[in-house]
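Shown next, in structure tokens, is the structure this report addresses.
Since this is a predicted model, take the numbers as computed values, not measurements. When a residue number appears, it is its place in the shown sequence, counting from 1. Any value given below was found using the heavy atoms of this structure, including those in side chains, with hydrogens, waters and symmetry copies removed.
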Amino acid sequence: MRIVYCIAGTYNSGGMERVLANKANYLVKNGFELIIVTSDQKGRIPYFQLDPAIKQYDLEINYCDTVHAKFLRKVMAYKAKQKKHEQKLNALLNDLKADLVISMFDHEVSFLHKIKDGSKKIVEIHFSRYKRLQYGRKGILGFIDQYRSKQDLFLVQQYDSFVVLTKEDKGYWGELQNISVIPNANSFESNEIAALENKQVIAVGRYDYQKGFEDLINIWELVHQQEPSWKLNIYGKGELQSKFEQMIKERNLEASIQLCSPIKDIQNAYLSSSICLLTSRYEGLPMTLLEAQACGLPLIAYACKCGPKDIIQDDVNGYLIEEGDQKSMAEKIVFLIQETEKRKAMGREAKRLSSNFEEEKVMQQWISLFNKLLS
């Protein structure tokens, strides 16, 4: 079975790129032929290791070149790039003759379903139904977000199969005939469990609007007032790093909050921590929560759309906090810091519940879907 995945690039250290690498590596090792087609790779090596048997093609569309352009130029450039992208992808897919082509809801999602190369087409989304609306933009940009959100509902119905990550998100899309729920798998199966004794708390994600780390810095200021010996490590990178550095400096938290560069061996960072935090405005199925609970960490997260509610059982393996309620999140963090036995009990439950996302279980769902589409 020949499978093609389409994504903007594999050079990022994000959750979607990690998920793709894990799935592709698993499938290759189990006899599938894997090809990854990118639009914006620009010669950069994949951040996560890919099996040498995985073939990679870059179409050199480079949408990222005009991301900061003025509005009208950006719109015109995007239309031109879309036309070029469709032409080049059409030619490549007709040459490759794949059995299945999968869009990870990237730039090709608007036209991939129209390409007649003989393959079955799948689209999988790593955010939620209302992702575009959660930017909260006003004016013409807000109108465009509204329009594209409605278009998303039309587009996903054009594919042979549409895969979402959570039961919560499935409900938002309505009664679609082609929809399935297949979660992300754990990135790793940890044989070790965090001791939960170190006075360290961890958060992981890009330094951007989505992850809401402004809230987290404010929350940690409240925690620091009561538990000054505990430290917060935020692993990531992004355009808001200088803003976060300034916030930390203004609050005199330089000794308490560390902005850490992404690391490939993130497992050891989890194992040396005692609590995992998430303050995202929106998610798909946050890998940091899956990874942290695989290492036996209790989880505290905003109950954003989507993901945390599918992973966290409130007061069992962690706490779900109403979005934006910084005071309540700070209180729960302080509570788990002070109540060691509760922290460890939640950590044990987190490890137990991580079995719901074991790689073998999740990948068998994918293989079943593939076989069904091709039968």
(Q) Looking at every heavy atom in both Ile337 and Val223, which two are closest together, and how far apart are they? (A)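 Closest approach of Ile337 to Val223: CD1-CG1, 3.9 Å.
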
Can you tell whether the side chains of [X] and [Y] come within less than 4.0 Å, N to carboxylate O?
{"X": "Glu291", "Y": "Arg18", "answer": "yes"}
{"X": "Asp117", "Y": "Lys121", "answer": "yes"}
{"X": "Asp315", "Y": "Lys342", "answer": "yes"}
{"X": "Lys120", "Y": "Asp99", "answer": "no"}

Side chains of [X] and [Y]: do they bring a donor and an acceptor to under 3.5 Å?
{"X": "His107", "Y": "Ser39", "result": "no"}
{"X": "Ser103", "Y": "Glu124", "result": "no"}
{"X": "Arg206", "Y": "Asn12", "result": "no"}

- Task: Could you list all the side chain to side chain donor-acceptor pair (under 3.5 Å) pairs where at least one residue sits in residues 328-337, not counting sequence neighbours?
- Result: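 Residue pairs with at least one partner in residues 328-337: Asp325-Ser328, Lys327-Glu331.
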
Would you kindly check if the NZ (Lys) or CZ (Arg) of [X] is within the cone defined by 45 degrees around the ring axis of [Y] and under 6.0 Å from the six-membered ring centre?
{"X": "Lys264", "Y": "Tyr47", "result": "yes"}
{"X": "Arg281", "Y": "Tyr209", "result": "yes"}
{"X": "Lys305", "Y": "Tyr172", "result": "yes"}

Suppose the criterion is ring-ring contact (aromatic ring centres under 6.0 Å, His included): which pairs have a residue in residues 236-266, not counting sequence neighbours?
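Residue pairs with at least one partner in residues 236-266: Tyr207-Phe244.
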
Who are the side-chain hydrogen bond (donor to acceptor under 3.5 Å, both in side chains) partners of Thr10, not counting sequence neighbours?
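In terms of side-chain hydrogen bond (donor to acceptor under 3.5 Å, both in side chains), with neighbours along the sequence ignored, Thr10 is linked to Gln41.
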
Test Arg352 against Glu349 for salt bridge (charged side-chain N to carboxylate O under 4.0 Å, His left out), laying out the working first.
CA-CA 5 Å; Arg352 179 182 68 82; Glu349 285 300 300; 2.7 Å; yes

